[in-house]
Amino acid sequence: MNAPLTMDRLVALARNRGFVYPGSDIYGGLANAWDYGPLGVELKNRIKQLWWQAFVQRSRLNVGVDCAILMNPRVWEASGHVSSFSDPLIDCRECRSRYRADQLIGDWNAEHDVVQAVDGWPNEALEAYIAGHEIACPKCGARDYTPIRHFNMMFRTYQGVTEDSAAEIYLRPETAQGIFVNFRNVQRSTRRKLPFGIAQIGKSFRNEITPGNFIFRTREFEQMELEFFCQPGTNPAWFDYWREFCYNFLLALGLPARDVRFRDHTPEELSFYSRATTDLEYLFPFGWGEVWGIADRTDYDLGRHIEHSRQDLSYFDPATNEKYIPYVVEPSLGADRAFLAVLAAAYDEETLADGETRTVLRFRPALAPVQIAVLPLSAKLSDEAAAVADLLSHDYSVEFDDRQAIGRRYRRQDEIGTPWCVTYDFDSREDHCVTVRDRDTMQQERIPIADLVAWFTGRFDFDMPVPALPTAAGAVEDGE
RNA sequence: GCAGGUGUAGUUCAAUGGUAGAACAUCAGCCUUCCAAGCUGACCACGUGGGUUCGAUUCCCAUCACCUGCUCCA
């Protein structure tokens, strides 16, 4: 192997080849905003399609929705985002360090063996506590703080023409709530019995204090979420099921098993609503980072919406004649993070026999933005080669390129991860065959043009092992 | 938001108080015809705004943007 991949090189390749550009580029950019280019949108779309295929089309358990980004602000009160999706920030006037007030107190308490939870305290109480206990700045020792300011991570905007608080609404910070508020609609209109899931792909917005690492953490991002509703008590079995399902999906995307790991949240770091959470992490060039969060949310979300909307969102189970609030298992994946992981995993710099290095993106064929490149050996063969490209472009995304030397064109295709190059040469006129070059081995195979379509059939398929359905506790209804 | 750093072709780097040069890349032509070949040519840059100066890409100030770190990450 060569030197480890750095983010710099990955970003450079992404820009250079048209996967991802800096947002608002000609105006000097906008921090941490990125635009997907021609190849990037293909790759991202394929990831999303494969996810949809695995979680919705091929699954008898799940259905899909596509909900509005703008929602009634009461949704975010119910979900807890208005009150707890914000942090009480406090600055030391002396050394200008910034802290979360509750953490500052928590650390001080731990150090002085004081047991005192301050979660949910109002600002005044936090400020009073800090002042009363003479908690000093851990960095410089000063006790001169600014007042607490709240930083809510939801983007705010106004609906309608007046900018008063009555018209203030939020851009959704997660796609999940659109699913929860539609639980009853979907359950009724599709006549679903539990267990079943509702999937959604869509943009979410969070005003992160510290975005960074290319497209890993941005303020606008795309989520692929499943909310899986099940009978209370069956949730641990379903949690395990989706855990394994998601892991299999990541490996099927081409992430090597050695670079993927589970990380269970410790009790302290668990969100207040969650019984258990596991992250699936990938070893990015900058270190391990969360790609997928799988959370057992119990009945928290539906319960909150029942409380706030005063609508009955409980489920009547005809099998047991019981009425209950479904429990929810939520596997939630970042599309942009999946994209970054796939790109990083595919990136390879290979040293050839002649000492030259070759940059190759070793995408799984099902993910490759360009599936087949058709290249005439010489520009004199362009017309005949173009006919071959037309033949294939009916079924595949094909790039035709007749410029410059053939070797250079192969390398260009390697660098964007095209799995196969079809080359029309001077013999092709006589024998009506072309060569098919394999991206990874660089080996060529001579194939009759008439057999080309058949030769490619099945080579772009996507397969992943699906775990056995949980059988415990009557978890699965068969024969849907 | 704070601290530090950086701004010159698409990229990586030069030089200079008298408005910039190369390599690679890109494009075109010739040649070649299976793995980034060669030759010729073309295109393309001093982030923005002030100040000092006869003259600023160069010095000063401001601003903007980006990078790194910290706080944060449902």
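Every chain is numbered from 1, with letters handed out A, B, ... down the list of sequences. Quantities reported herein were computed from a predicted structural model and do not represent experimental measurements.
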Going by an N to O cut-off under 4.0 Å, is there a salt bridge joining A/D279 and A/R263?
-> yes

Spatial distance of atom CZ (A/F180) from atom OG (A/S79) [nearest 0.5 Å] = 9.5 Å

State whether A/R437 and A/D414 are salt-bridged, where the test is any N-O pair (Lys NZ or Arg NE/NH1/NH2 against Asp/Glu carboxylate O) under 4.0 Å.
-> yes

For the side chain of A/E174, counting heavy atoms from C-beta on, which of B/A74, B/C35, B/U33 is nearest?
-> B/A74

Rounded off to whole Å, could you give me the CD1-to-P distance for the A/I416 and B/A36 pair?
-> 17 Å

From CG (A/L171) to CD1 (A/I169), nearest 0.5 Å = 7.5 Å

For B/A14 and B/G47, measure between their P atoms and round to the nearest Å.
-> 15 Å

Please report the shortest heavy-atom distance between A/P376 and A/I406, naming the atom on each side.
-> O-CD1, 4.1 Å

How far, in whole Å, is B/A15 from B/G49 if one measures between their C1' atoms?
-> 26 Å

Restricting to nitrogen or oxygen on both sides, can you table the protein-nucleotides 27-29 of chain B pairs closer than 3.5 Å?
| from | atom 1 | to | atom 2 | distance (Å) |
| --- | --- | --- | --- | --- |
| B/C27 | OP2 | A/Q404 | OE1 | 3.3 |
| B/C27 | OP2 | A/Q404 | NE2 | 3.1 |

Flag the pair A/F155 / A/Y170 as yes when their ring centroid distance falls below 6.0 Å, and as no otherwise.
-> no

Rounded to whole angstrom, note down the C1' distance from B/A22 over to B/U52.
-> 33 Å

Would you mind reading off the distance between A/W34 atom CH2 and B/A65 atom C1', rounded to a whole angstrom?
-> 13 Å

Can you name the atoms? Protein N/O to nucleotides 6-8 of chain B N/O, anything below 3.5 Å, with the distance.
none

Cut-off 3.5 Å, no hydrogens considered: what does the side-chain donor-acceptor table look like for residues 288-295 of chain A, sequence neighbours left out?
none

Rounded to whole angstrom, note down the C1' distance from B/C39 over to B/U32.
-> 12 Å

Between CD on residue A/Q177 and CZ on residue A/R304, distance to nearest 0.5 Å = 10.0 Å

Winner on side-chain proximity to A/R411, out of B/A74, B/A36, B/U33, is B/A36

Could you give the CG-to-C1' distance, from A/D414 to B/C34, as a whole number of Å?
-> 13 Å

Give a yes or no on whether the ring-centroid distance for A/Y21 and A/W34 is below 6.0 angstrom.
-> no

Which part of the nucleic acid does A/E356 contact within heavy-atom distance under 4.0 Å: base, sugar-phosphate only, or nothing?
-> nothing

Would you jot down, in residue-number order, the residues of residues 337-346 of chain A having a non-hydrogen atom under 4.0 Å from RNA chain B?
-> none

Nucleotides 37-44 of chain B: which of its N/O atoms have a protein N/O under 3.5 Å away?
| from | atom 1 | to | atom 2 | distance (Å) |
| --- | --- | --- | --- | --- |
| B/A37 | OP1 | A/R408 | NH2 | 2.8 |

If a stem is a run of at least 3 consecutive Watson-Crick or G-U pairs, both distances under 3.5 Å, which stems include RNA chain B?
-> B:1-7 with B:64-70, B:10-13 with B:21-24, B:26-30 with B:38-42, B:47-51 with B:59-63

Nearest-0.5 Å distance that lies between atom OG1 in A/T418 and atom CG in A/L39 = 8.0 Å

Integer angstrom distance from the P of B/A62 to that of B/U6 = 15 Å

Atom CZ of A/R446 to atom P of B/C34: distance rounded to whole Å?
-> 12 Å

Check whether the ring centres of A/Y36 and A/F19 lie less than 6.0 Å apart, and answer yes or no.
-> no

Rounded to whole Å, the OH-C1' distance (A/Y21 to B/G10) equals 11 Å

Name the residue closer to the 5' end of RNA chain B, choosing between A/R15 and A/F221 according to the nucleotide with the nearest heavy atom.
-> A/R15

With sugar-phosphate meaning primed atoms plus P, OP1 and OP2, does A/L377 contact a base, only sugar-phosphate, or nothing at under 4.0 Å between heavy atoms?
-> base

Euclidean distance for P, B/A20 against B/C46 (whole angstrom) | 11 Å

Counting any heavy atom closer than 4.0 Å, what does A/D425 reach on the DNA or RNA strands: base, sugar-phosphate only, or nothing?
-> base

Salt-bridge criterion met for A/R446 and A/D431 (N-O under 4.0 Å) = yes

Hey, which of these two, A/Q223 or A/R358, hits RNA chain B nearer its 5' end, going by closest nucleotide?
-> A/R358

Rounding to a whole Å, what distance do you find between A/I294:CD1 and B/A74:P?
-> 15 Å

Could you give the distance separating B/U16 and B/G38 at their P atoms, to the nearest angstrom?
-> 31 Å

For the residue pair A/F286 and A/F214, is the inter-centroid distance of their aromatic rings smaller than 6.0 Å?
-> no

With heavy atoms under 4.0 Å as the rule, sort A/T435 into base, sugar-phosphate or nothing.
-> base

What distance separates A/L10 CG from A/R15 CZ, expressed to the nearest 0.5 Å?
-> 13.0 Å

Touch class at under 4.0 angstrom, heavy-atom based, for A/E415 against every strand present | base

Say whether, by atom type as modelled, one donor and one acceptor occur between the side chain of A/N182 and the main chain of A/N185 under 3.5 angstrom.
-> no

Closest to the A/H81 side chain, choosing from B/U11, B/A36, B/A74 | B/A74

Quick one: closest heavy-atom pair of A/F339 and A/I47, and the distance?
-> CA-CD1, 3.6 Å

Could you give the CG-to-C1' distance, from A/L13 to B/C24, as a whole number of Å?
-> 16 Å

Scan A/F229, A/F55, A/F196, A/F228 and name whichever one has a side chain to side chain contact (heavy atoms under 4.5 Å, CB included) with A/L61.
-> A/F228

Is the base of B/C35 touched by the side chain of A/R437 through a donor-acceptor pair closer than 3.5 angstrom?
-> yes

Closest non-hydrogen atom pair, A/P369 against A/S397 = O-OG, 3.0 Å

Between A/Q444 (CD) and B/U33 (P), how many Å, whole number?
-> 17 Å

Find out whether A/K44 and A/E222 are in side-chain contact, i.e. whether some heavy atom of one side chain is under 4.5 Å from a heavy atom of the other.
-> yes

In whole Å, what separates the C1' atom of B/C44 from that of B/A56?
-> 23 Å

